[in-house]
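Every number for a ligand or one of its atoms is a count from 1 in the order of the listing.
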Amino acid sequence: MRPGAPEPVSLASGALRAAVLTPLAAGGLLALDDGVVRFAGGRIASVAPAGAGDGDAVDLGESLLVPGFVDAHVHLPQFRVRGRFAGALLPWLREHIWPEEAAYGDPGVVAEATVEFASALLSRGTVAAMVMSSPHAGSASHLLRHPAFEGGAGPAWMDRNGPEALVRPTAAALADLAREAATFGARYAVSPRFAPTSSGEFLAGAGRIAREHGCFVHTHLSENPDEVEWVRSLYPEAASYADVYERAGLLGPKTLLAHVIHCTDAELDLLAARRCVAVHCPSSNEALGSGRMPLPRLREKGVRVAMGSDVGAGPCLSMLDVMRVFREVQAGHADTRPGEALRMATLEGARALGLEGRLGSLEPGREATFVALRLPAGGGRDPEGGLEAAMDAGRGRYGEGVAGVWVRGERRVPAPPPNP
Ligand code: GUN
Ligand code: ZN
């Protein structure tokens with residue numbers, strides 16, 4: 001380092017003072033108007049009310065510390081065309097999404113978009129995600145190898161009922177899938193796009209491969225009535241849409257199913273029995289007019305639930321925006337207190353991705369991975385009120401509301417100044 005150059009900023013050990021709001025793994029929330037989070041070696045050492053011995057803590061001023069967000073369902077190749085609406089799900093896919101995803105057959109496009117996407121997630125406070133890439137072999141590989149990426153990913157395979165540029169013959173798709181699952185193992189997401197663009201043979205093969213390599217399974221379920229009807233006509237032998245996946249051996253505790261809106265009680269019982277995760281995507285559901293996830297029924301049945309942006313149907317990558325829309329659409333139906341929205345966007349997502357021991361809450365032993373949200377000036381440090389204000393500030397806009405992001409104690413956003 002040159003004499004006089006600034007020290008590289010490293011907070012792998014340190015203490016931050018701010019308001020704090022976090023779900024707790026044992027249940028409930030911890031809310032501190034004025035708290036201190038201490039961390040050492042990249043892990044949280046303590047979270048406590050600020051006291052006389054905390055003079056060394058860096059005071060973040062009017063800020064609220066929350067755990068890093070987890071986006072449990074998002075599409076990498078739709079980031080650049082997010083928020084472009086054309087009616088309901090099926091025409092939107094055909095007119096806007098599939099033509100865009102065709103461009104991701106070019107590995108150069110994938111490489112460039114992956115860097116942009118990973119940095120866009122982090123700048124919005126999203127520290128882990130379940131990502132669907134384009135239906136091309138290798139389209140998730142850059143992301144799975146990205147040093148800052150946490151979570152799972154895999155291509156949105158299609159072997160029928162789509163444009164030529166995206167549909168791969170069944171045997172070739174299964175061969176690609178098997179090779180990638182063997183390469184990436186437990187972090188790989190076996191991701192048939194959804195039942196209508198998958199043959200029964202492909203789904204069954206995908207189920208076998210996922211089990212063999214202990215992979216995630218990631219797909220869509222019951223987002224739209226026309227889609228459900230299409231599945232009924234393609235799979236007359238199945239008892240239901242969920243049963244199509246069940247027969248293929250795709251349902252288990254590492255299975256994430258986006259939407260889960262138009263499901264029967266029998267389907268919800270099946271998802272609960274298999275310990276699958278239903279991913280609630282409220283901003284996407286609003287945008288495409290897909291309907292409201294029947295959250296109270298899912299809770300009653302004991303189905304696990306996480307939260308996703310579903311960009312590009314969801315118009316905004318910020319989980320603050322997803323939480324805001326969640327509170328609007330579920331008001332009067334489910335618990336929509338700000339702390340509950342936070343729990344779904346952090347702890348429940350971390351559980352869905354098998355990251356609970358490391359992420360999802362601000363508790364000793366977990367990684368010092370958190371987001372500082374800007375509180376309204378002069379509004380005091382009331383944690384839940386502050387979170388609500390931050391959700392409003394995040395309304396559709398890049399980076400609004402997020403003042404800083406730390407990963408394992410290192411400040412990543414805003415990025416520390418480069419070493420000269
Ligand atoms: N169902 C199948 N593919 C998609 C997709 O790309 N987005 C959404 N929202 N639903 C889907
Ligand atoms: Zn989706």
Side-chain angles (χ1 to χ4, degrees), residues 71-104 113 117 129-136 139-140 151-163 165-167 189-198 202-203 206 216-231 234 241-242 244-245 250 255-263 277-293 306-317 319 322 325 349 352:
D71 187 341
H73 178 68
V74 57
H75 296 258
L76 185 159
Q78 299 177 15
F79 176 58
R80 292 172 174 170
V81 292
R82 62 195 182 281
R84 273 196 208 165
F85 307 122
L89 171 67
L90 300 176
W92 168 78
L93 284 173
R94 291 185 184 120
E95 289 163 31
H96 289 270
I97 294 307
W98 290 346
E100 172 73 8
E101 290 193 2
Y104 288 68
F117 179 74
M130 177 53 68
V131 179
M132 220 177 246
S133 58
S134 72
H136 304 94
S139 64
W157 304 100
M158 302 165 73
D159 76 324
R160 65 166 164 172
N161 295 331
L166 299 184
V167 168
V190 170
S191 312
R193 175 168 219 121
F194 64 160
T197 52
S198 309
F202 180 74
L203 292 179
F216 289 106
V217 171
H218 182 202
T219 187
H220 297 89
L221 175 66
S222 260
E223 177 175 5
N224 169 288
D226 295 336
E227 170 205 9
V228 175
E229 197 45 52
W230 195 10
V231 172
L234 290 170
Y241 192 164
V244 172
Y245 295 144
L250 286 163
T255 301
L256 282 78
L257 301 158
H259 303 289
V260 190
I261 300 173
H262 308 282
C263 281
V277 178
V279 185
H280 188 12
C281 304
S283 53
S284 160
N285 297 342
E286 279 297 280
L288 295 183
S290 304
R292 187 182 63 244
M293 178 195 251
M307 201 178 253
S309 70
D310 195 24
V311 154
C316 183
L317 199 60
M319 290 306 288
V322 178
V325 180

If you measure from each non-hydrogen atom of [X] to ligand 1, which part falls under 4.0 Å: side chain, backbone, both or neither?
{"X": "Glu227", "result": "neither"}
{"X": "Leu89", "result": "side chain"}
{"X": "Trp98", "result": "neither"}

Ignoring hydrogens and angles, tell me if any N or O in the side chain of [X] forms a donor-acceptor pair with the backbone of [Y] under 3.5 Å.
{"X": "Asp71", "Y": "Ser309", "answer": "yes"}
{"X": "Ser284", "Y": "Pro282", "answer": "no"}
{"X": "Asp310", "Y": "Ala313", "answer": "no"}
{"X": "Ser133", "Y": "Gly154", "answer": "yes"}

I need the atoms of ligand 1 closer than 4.0 Å to a non-hydrogen atom of [X], numbered in the order shown.
{"X": "His259", "answer": "9 (N)"}
{"X": "Asp310", "answer": "8 (C), 9 (N)"}
{"X": "His75", "answer": "5 (C), 6 (O), 7 (N)"}
{"X": "Gln78", "answer": "5 (C), 6 (O)"}
{"X": "Leu93", "answer": "2 (C), 3 (N), 4 (C), 5 (C), 6 (O)"}

With side chains defined as the heavy atoms from C-beta onward, is the minimum distance between His96 and Gln78 less than 4.5 Å? no
Trp157 side chain reached by Thr219 side chain, heavy atoms, under 4.5 Å: no
Within 45° of the ring axis of Trp230 and under 6.0 Å from its six-membered ring centre, is that where the NZ or CZ of Arg94 lies? yes
Tell me the protein heavy atom at minimum distance from [atom], and give that distance in Å.
{"atom": "atom 10 (N) of ligand 1", "value": "Glu223 OE1, 2.7 Å"}
{"atom": "atom 7 (N) of ligand 1", "value": "Trp92 CZ3, 3.4 Å"}
{"atom": "atom 3 (N) of ligand 1", "value": "Arg193 NE, 2.9 Å"}

Only to 10 degrees, please: what angle do the OD1 atom of Asp310 and the NE2 atom of His73 make about the Zn ion (ligand 2)? 90°
Report, rounded to 10°, the angle at the Zn ion (ligand 2) between the two atoms NE2 (His75) and NE2 (His220). 100°
Is there a side chain to side chain donor-acceptor pair (under 3.5 Å) between His218 and His220? Walk through the geometry before answering. CA-CA 7 Å; His218 182 202; His220 297 89; over 6 Å; no
From the options His220, Glu101, His73, select the one whose nearest heavy atom is closest to atom 1 (N) of ligand 1. His220
Closer than 4.0 angstrom, basic N to acidic O: yes or no for Arg84 and Glu95? no
